[in-house]
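Before any comments, here is the structure.
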Amino acid sequence: MFWNEQLETIERKALEKLQLEKLRKALAAAATTPFYKKVFADNGVDVSRITTLDHLRDLPLTTKHDLRLSYPDGMVAVPRTEIVRLHASSGTTGKSTVIFYTAKDLADWADLIARSMMATGTTRNDVFQNMMGYGLFTGGLGLHYGAERLGCLVIPSSTGNSLKQIELMKDFGTTVVHITPSYAMHLADVVSENGINPPDLGIKKAYLGAEPYSEGVKKKIEGQWGLDAYNSYGLSEMNGPGVAFECEYKNGMHLWEDYYIMEIINPDTGERLPDGEEGELVLTHINREAMPIIRYRTRDLTRIIPEKCACGRTHRRIERIKGRTDDMLIVGGVNVFPSQIETVLMNVPEVGNNYQIVLDRHNNLDRIHVRVELYNKMFEGDIKALDALRKKVVERLKALITVNPKVELLEPGSLPPSMGKAVRVIDKREI
Ligand code: ADP
Ligand code: ZN
């Protein structure tokens with residue numbers, strides 16, 4: 001099902017032509033902002049000379065630090081009276097950054113979300129419960145207006161208050177939810193504790209995003225709720241959600257290339273990598289009036305899936321985000337991503353819904369402590385079985401990180417549940 005078949009299945013050549021036109025407009029607008037005026041002057045960039053898409057690689061990269069430097073409005077390209085809304089990033093890695101939108105920007109964003117939702121088969125007949133934070137965070141209002149544009153009945157329930165969420169699901173027959181993966185797992189537990197089998201609620205689809213998660217977590221959520229889960233990717237610097245979304249084939253996320261130009265770079269050298277190779281995603285927003293951002297380093301690690309998708313959309317897909325360049329943990333000299341630890345844990349069937357990684361340093365040696373919740377039934381058996389399980393988890397983690405991890409098995413509900421973005425890693429080491 002297509003929202004805009006012509007744009008979604010556009011021939012690559014025509015798409016590139018459209019990208020170039022929009023890029024030139026975005027560059028001209030960027031060149032009027034205090035931030036890019038200076039950056040372009042310092043780097044000898046004359047935007048009128050950018051006449052092919054390939055020239056893009058000659059332009060400097062923009063970082064989150066640049067956004068902070070130009071805070072609050074050094075990248076704004078329109079008069080203040082044209083701006084109708086602002087949002088801010090969650091601030092996972094420091095002071096949040098602010099993004100501005102004109103009325104057209106908001107309408108275009110809603111259109112892109114409607115397109116993304118329809119690509120998963122959602123229609124105006126669906127009841128959409130949006131369990132992402134409403135407010136400065138883009139996840140709430142972003143999907144909200146897109147779902148209304150599509151014509152769904154929207155329940156703006158926001159995060160938290162699990163009992164209320166369940167009541168709304170029951171009373172209004174929710175069919176599609178938007179939720180963080182960590183909260184989806186927690187909520188499944190609350191539903192069960194209230195004597196309801198989650199699949200009996202009849203939810204058909206979940207849009208999972210806002211934080212990195214493994215394929216194992218996706219499968220677990222699909223099993224717990226009896227639904228299809230679709231990966232949803234976005235970041236406030238690029239509007240928010242709707243940058244890339246899985247279609248009904250659930251096999252990588254189509255990145256909407258009529259709004260964004262994507263590149264994959266080697267995060268250490270900045271060099272552009274060919275399709276298929278893993279690296280850092282760099283995005284240029286070519287469809288925003290208020291705040292054009294050129295070659296933004298997302299810090300998210302992924303790769304472009306070069307193969308065509310069976311759905312017929314020509315916009316290339318990206319693979320599940322492996323993590324952020326700045327989430328990489330160095331434990332005893334070995335580089336590991338929390339997502340790799342999660343993959344190990346999720347391959348152990350007894351592991352429940354929540355875990356935490358605590359790092360500290362003792363006598364100059366890094367120590368890693370993995371705290372994992374199990375399913376309740378594990379605590380009804382004998383102590384020996386638990387100990388064997390603990391050893392199994394230790395062995396599997398050790399194969400990944402070489403350092404001997406301390407593993408603690410916990411009863412469900414022992415760790416703080418997460419409603420918004422989960423905090424999985426607690427690093428107590430002093431640098
Ligand atoms: P912050 O950068 O402060 O967390 P945002 O709210 O803009 O602010 O979050 C965007 C980030 O969230 C992305 O850059 C990415 O790291 C993460 N993210 C969003 N969606 C996904 C997803 N589907 N999979 C993995 N990570 C995601
Ligand atoms: Zn597809």
Side-chain angles (χ1 to χ4, degrees), residues 1-3 5 8-9 63-65 67-68 86-99 115-116 118-121 132-143 159 178-182 184 206-215 217-218 221 229-257 260 262 267 280-283 285 293 296-302 305 307-328 337-339 342 420-424:
M1 260 190 298
F2 296 100
W3 173 252
E5 185 164 0
E8 291 169 60
T9 60
T63 63
K64 190 140 192 146
H65 183 66
L67 273 153
R68 291 189 181 127
L86 66 78
H87 275 289
S89 71
S90 329
T92 313
T93 55
K95 187 173 169 62
S96 45
T97 49
V98 175
I99 303 299
R115 182 199 290 185
S116 304
M118 200 155 201
T120 68
M132 290 277 187
Y134 276 65
L136 285 174
F137 176 55
T138 52
L141 290 175
L143 264 276
T159 49
H178 181 211
I179 189 165
T180 58
S182 45
Y207 300 145
L208 302 179
E211 63 192 18
Y213 61 107
S214 60
E215 192 61 30
V217 160
K218 174 181 175 168
I221 293 168
Y230 300 85
N231 201 353
S232 150
Y233 171 75
L235 61 162
S236 47
E237 292 80 359
M238 293 291 128
N239 281 2
V243 173
F245 224 90
E246 274 183 333
C247 68
E248 60 204 306
Y249 288 90
K250 298 198 291 182
N251 192 13
M253 300 176 276
H254 289 281
L255 193 139
W256 301 121
E257 294 183 87
Y260 308 98
M262 66 167 146
E280 179 180 347
L281 179 67
V282 168
L283 294 171
H285 203 320
I293 298 186
Y296 183 66
R297 291 190 69 155
T298 64
R299 301 183 292 177
D300 292 324
L301 295 168
T302 183
I305 304 172
E307 296 81 29
K308 286 202 176 103
C309 183
C311 71
R313 289 178 181 79
T314 47
H315 301 242
R316 285 172 300 170
R317 287 166 295 159
I318 55 168
E319 208 160 65
R320 167 181 304 290
I321 306 291
K322 182 174 167 193
R324 300 204 207 205
T325 50
D326 40 15
D327 298 326
M328 191 178 74
F337 284 94
S339 61
E342 180 175 298
K421 289 188 193 236
V423 179
R424 302 283 195 199

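Note that the coordinates shown come from a computational prediction; the quantities given were computed from them, not determined experimentally. One-based numbering, in listed order, for ligands and for the atoms of each.
Around the Zn ion (ligand 2), the protein N, O or S atoms closer than 2.8 Å are C247 SG, H254 NE2, C309 SG, C311 SG, listed by chain and residue number.
Separation of atoms CD (E257) and CD (E8) is listed at 13.0 Å; rounding is to 0.5 Å. Summarising the geometry, atom CG belonging to L143 is positioned 6.0 Å from atom OG belonging to S232; distances are rounded to the nearest 0.5 Å. To the nearest 0.5 Å, atoms OG1 (T138) and CE (M132) are separated by 9.0 Å. Rounded to the nearest 0.5 Å, atoms OH (Y230) and NZ (K250) are 6.0 Å apart. The distance from the CD1 atom of I221 to the CD1 atom of I179 is 8.0 Å, given to the nearest 0.5 Å. I318 CD1 to N231 CG: the interatomic distance, rounded to the nearest 0.5 Å, is 8.0 Å.
The side chain of D300, and not its backbone, has at least one atom closer than 4.0 Å to an atom of ligand 1 (non-hydrogen atoms only; side chain from C-beta on).
If you number the atoms of ligand 1 from 1 as listed, the ones under 4.0 Å from a heavy atom of S232 come out as 20 (N), 21 (C), 22 (C), 23 (N). Atoms of ligand 1 found under 4.0 Å from any heavy atom of S236, numbered from 1 in the order shown, are 7 (O). Close approach to I321 involves these atoms of ligand 1, each under 4.0 Å from a residue heavy atom: 24 (N), 25 (C). Short contacts between ligand 1 and R324, defined as distances under 4.0 Å to a heavy atom of the residue, involve ligand atoms 1 (P), 2 (O), 4 (O), 11 (C), 16 (O). Here is the list of ligand 1 atoms found below 4.0 Å of a heavy atom in N231: 22 (C), 23 (N). Against a heavy-atom cut-off of under 4.0 Å, G209 is close to the following atoms of ligand 1: 23 (N). Atoms of ligand 1 found under 4.0 Å from any heavy atom of F137, numbered from 1 in the order shown, are 6 (O).
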Carefully, step by step, assess W256 and S116 under the rule side chain to side chain donor-acceptor pair (under 3.5 Å).
CA-CA 9 Å; W256 301 121; S116 304; 3.0 Å; yes
Checking side chain to side chain donor-acceptor pair (under 3.5 Å) for the pair T120/Y207: CA distance, chi angles, key distance, verdict?
CA-CA 9 Å; T120 68; Y207 300 145; 2.7 Å; yes
If you apply the rule side chain to side chain donor-acceptor pair (under 3.5 Å), what do you find for E211 with S182, and how did you get there?
CA-CA 9 Å; E211 63 192 18; S182 45; 2.7 Å; yes
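For K421, the heavy-atom gap to ligand 1 drops under 4.0 angstrom. For the pair K64 and ligand 1, a heavy-atom separation below 4.0 Å is found.
Side chains of E237 and T97: a donor on one and an acceptor on the other come within 3.5 Å. Under the 3.5 Å distance criterion, with hydrogens and angles disregarded, a donor-acceptor pair is assigned to the side chains of E342 and S214.
Protein heavy atom closest to atom 3 (O) of ligand 1, with residue, atom name and distance, is G91 N, 2.6 Å. Closest protein heavy atom to atom 20 (N) of ligand 1: A210 N, 3.0 Å. The single protein non-hydrogen atom nearest to atom 24 (N) of ligand 1 is E211 O, 3.4 Å, given as residue, atom name and distance. Among protein heavy atoms, atom 8 (O) of ligand 1 sits closest to S90 N, 3.2 Å. T92 OG1, 2.4 Å is the protein heavy atom nearest to atom 4 (O) of ligand 1.
Two residues are said to be in side-chain contact when any heavy atoms from C-beta on lie closer than 4.5 Å; R320 and K218 meet this criterion. In this structure the side chain of K322 never reaches within 4.5 angstrom of the side chain of M328, judged on heavy atoms.
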